[in-house]
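Comments concern the structure below.
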There are 2 protein chains.
Amino acid sequence: MPTLRDVAKLAGVSHTTVSHVLNGTKRVRPEVADRVWAAVETLEYRLNRPAQALRRGQSHILGLVLPDLTNPFFPGLAQAIGLAARKAGYALTLVDSLEDKTVEEEGLSRLAEEQVAGAIWVPVGDYVPPPFPVVLVDRTAEGTDGVEADHFLGGQLQARHALAMGHRRVGLLSGPQSLRSARLRREGFLAEAKVGGLEVVWEEEVPFSLELSPKARARLRAVREEVTLVVAANDVIALAALEVLREAGVRVPEEVSLIGYDDIPWATLAHPPLTTVRQPVKEMAEAAVALLLRRLQEPEGEAVQIVVPVTLVPRGSTREVRR
Amino acid sequence: MPTLRDVAKLAGVSHTTVSHVLNGTKRVRPEVADRVWAAVETLEYRLNRPAQALRRGQSHILGLVLPDLTNPFFPGLAQAIGLAARKAGYALTLVDSLEDKTVEEEGLSRLAEEQVAGAIWVPVGDYVPPPFPVVLVDRTAEGTDGVEADHFLGGQLQARHALAMGHRRVGLLSGPQSLRSARLRREGFLAEAKVGGLEVVWEEEVPFSLELSPKARARLRAVREEVTLVVAANDVIALAALEVLREAGVRVPEEVSLIGYDDIPWATLAHPPLTTVRQPVKEMAEAAVALLLRRLQEPEGEAVQIVVPVTLVPRGSTREVRR
DNA sequence: AACAGGAGGTTGAACGTTAAACTATGCCCA
DNA sequence: TGGGCATAGTTTAACGTTCAACCTCCTGTT
């Protein structure tokens, strides 16, 4: 592997000059610069990033810490973040914490060892500030840069849609209340439900996964007797519920309507296609990277919280009921 | 940030001794080692990975190069690879090439700059060996370590299941024939179809995505007149087909059966649940990482090709037809 | 004619780690 | 008694980059 010095020798200049040409850190005569570039070409010189990182005290890598890649909300996010990071010249190091706080903590510690410039983090555990700048996504915290969808509004939209469709009695499959996002969705929903006169007949807290609790499954099997609508804290839960309902012979939306949250790619392919709340994943990803890059320029300064709007996407899983 | 030397000073030893204690590269008296560990604790020392990588000529990072994270086959793979890598003490740097050869090439080049120890690579373009060891996954090449499912067998299983269910006329939605995996699936299917007397009435080549070509959509809308079964090169295609069939009012499996490939998490949630060929993603991921780690130990030596078996998972989207 | 100052380049050191070469001490055995 | 050798530790240098300080022309100004 050729180094700066090899390039320098071939181009007949000092190694610093090569560095300056490559980084544009100083004016260099075009003639000399050309010689340098030519030497870079012929030797197929490649920057040694660890050396650069050592000298600069930080690497040109961003960390991405996610709770669970198999949750279909995240691959799209990861892809968009990777794209934005690449455009800015950063590589991306991925940590999938598998929803485990210990794994998450070790991952962040590892990112610190790698001297990452910063990280984008969807926290599963408590927010403990790592020794590099982070932007929290989806689950934000006070005093730290963050990007999140308007969860409260999303909950409200679920309730409004339910009311607009004439529903009066609803069952709620809420997400883990340890998560800010799930809490806000629930609060938004309950607030608007109260205002509009939508009665929450039952509520079950379940994890963001396809595995529903036995109690939740029981509620769903008996759904006809109690409610005309089930609202879920995300699409994965909604799809799991749809499955239970199908097994129980409950027809959606004829007998009971269903509303999800996230608008994952499969929501539209479900049968019936899922009425849901769309989070603008791509915009969130781009905003998060932009915010992180800004913070790298300007380490000090007020924490910025970006809240992006969400929209309700009506599809086949909800239908109007008569009073 | 404290360094080895800070730790050394506090423990009253030389910095090399600290290094030896941390890496276990030399015997050190327990008493001294204890002092070192204590100093590490109180100073909250953290290894500087770039410095280590510079000195060693190689970082403790593995690359993962994927064509498209939003294809639901890959998140599970990425997660399992990340887990296996972490267990072996490696961090994971992700490159999502978005099915673009140029992006892929730049990504590999970047991994080289980062001095990664090796990479796991699902190639979208031609296989051009990078300057570090790689293990190809899913789409292998001669002369390089690789892990792939038995695509040919998978195609055969699709055909055998079709025959076992009494089908005689089939439409084939094959995948991009530029990809080895899609080619093999097709060949396996056609071979077994020929043997068993299964007539391929039509065939359309479509990308591994939810967007079907107009010709393919037309075939599906007219499916009743021509075939009793549609076979797809992967589950994403199958789900897209299912959607078109639903729109066209064709009932699955009553009027036409459908077979997919991959067994992605959503296959079981589709309506009807998708009969498909399961690839053991987790095993493949673990095999790939194990193979890569072995290659890092033993750089020379014959390339190893691991082929893992696949199984047909019968579900609701296929049903028996009378002769 | 002398000198300031900018442009273009070089020298040398430093980042934190590891590996090789070296030193000091103690012990065994001829 | 002294040579050989293992054990436990130290000294020193090196990895490839960047940054600050320095040097050398050259040009324009007075």
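Note on naming: letters A, B, ... go to the chains in the order of the sequence lines (proteins, then strands), and numbering restarts at 1 for each one. Keep in mind that the numbers below use all heavy atoms, side chains included, and drop hydrogens, waters and symmetry copies.
A/Trp121 and A/Tyr127 have tilted rings, their planes meeting at an angle from 30° to 60° on a 0 to 90° scale.
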(request) Start with the C-alpha distance between A/Thr140 and A/Thr144, add both sets of side-chain angles, then the distance that settles side-chain contact (heavy atoms from CB on, under 4.5 Å), and finish with yes or no. (result) CA-CA 8 Å; A/Thr140 60; A/Thr144 312; over 6 Å; no

(request) For side-chain contact (heavy atoms from CB on, under 4.5 Å), just list the numbers for B/Glu99 and B/Asn71, CA-CA rounded to whole Å, side-chain angles, deciding distance to a tenth of an Å, and then say yes or no. (result) CA-CA 11 Å; B/Glu99 302 272 14; B/Asn71 177 331; 5.6 Å; no

(request) Show your reasoning for whether side-chain contact (heavy atoms from CB on, under 4.5 Å) applies to A/Val95 and A/Leu108. (result) CA-CA 8 Å; A/Val95 175; A/Leu108 286 163; over 6 Å; no

(message) side-chain contact (heavy atoms from CB on, under 4.5 Å), that's the test. Do B/Arg110 and A/His60 meet it? Break it down for me.
(response) CA-CA 11 Å; B/Arg110 178 58 183 263; A/His60 227 67; 3.6 Å; yes

(message) The test is salt bridge (charged side-chain N to carboxylate O under 4.0 Å, His left out); show your working for A/Arg46 and B/Glu113 and say whether it passes.
(response) CA-CA 6 Å; A/Arg46 273 218 182 96; B/Glu113 292 182 357; 5.5 Å; no

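Judged by distance alone, the side chain of B/Gln52 and the main-chain N or O of B/Leu47 form no donor-acceptor pair under 3.5 Å. Between the side chain of B/Asp6 and the backbone N or O of B/Thr3, at least one donor-acceptor pair lies under 3.5 Å. A/His151 places no side-chain N or O within 3.5 Å of a backbone atom of A/Arg139 that could act as its donor or acceptor partner. Side chain of B/Arg49 to main chain of A/Pro50: no donor-acceptor pair is present (N/O by atom type, distance under 3.5 Å, no hydrogens or angles). A/Arg5 contributes no side-chain N or O that, together with a main-chain N or O of A/His15, makes up a donor-acceptor pair within less than 3.5 Å. The backbone N or O of B/Gly76 sits nowhere less than 3.5 Å from a side-chain atom of A/Thr70 that would complete a donor-acceptor pair.
Near DNA chain D, defined here as any heavy-atom distance below 4.0 Å, the residues from residues 27-41 of chain B are B/Arg27, B/Val28, B/Arg29, B/Val32, listed numerically. The stretch residues 49-62 of chain B comes close to DNA chain D through B/Leu54, B/Arg55, each having a heavy atom under 4.0 Å from the strand. Non-hydrogen atoms lying under 4.0 Å from DNA chain D are contributed by B/Val13, B/Ser14, B/His15, B/Thr16, B/Thr17, all within residues 6-23 of chain B.
Chain A approaches DNA chain D over the interval D/dG16 to D/dA21, counting the first and last nucleotide 5' to 3' with an atom under 4.0 Å from its heavy atoms. Interface limits on DNA chain C: the 5'-most and 3'-most nucleotides within less than 4.0 Å of chain B heavy atoms are C/dG16 to C/dA21.
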(request) Kindly express the pairing pattern of DNA chain C in dot-bracket notation, using | wherever a base pairs with another strand and counting only Watson-Crick or G-U pairs under 3.5 Å. (result) ||||||||||||||||||||||||||||||

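Summarising the geometry of B/Phe208 relative to B/Ala182, their closest heavy-atom pair is CZ-CB, 4.1 Å, with the distance given to 0.1 Å. Considering every non-hydrogen atom in both B/Ala141 and B/Gln305, the closest pair reads O-NE2, 3.0 Å. Taking all atoms of both residues into account, the shortest heavy-atom contact from B/Ala285 to B/Ala80 is CB-CB, 3.4 Å. Nearest approach of B/Arg86 to A/Val103, heavy atoms of both residues: NH1-CG1, 3.2 Å.
When the shell of 6.0 Å around CD of A/Glu105 is examined, it contains 12 or fewer heavy atoms from other residues, nucleotides or ligands.
Comparing B/Leu47 and B/Lys26 against DNA chain C, the residue whose closest nucleotide sits nearer the 5' end is B/Leu47.
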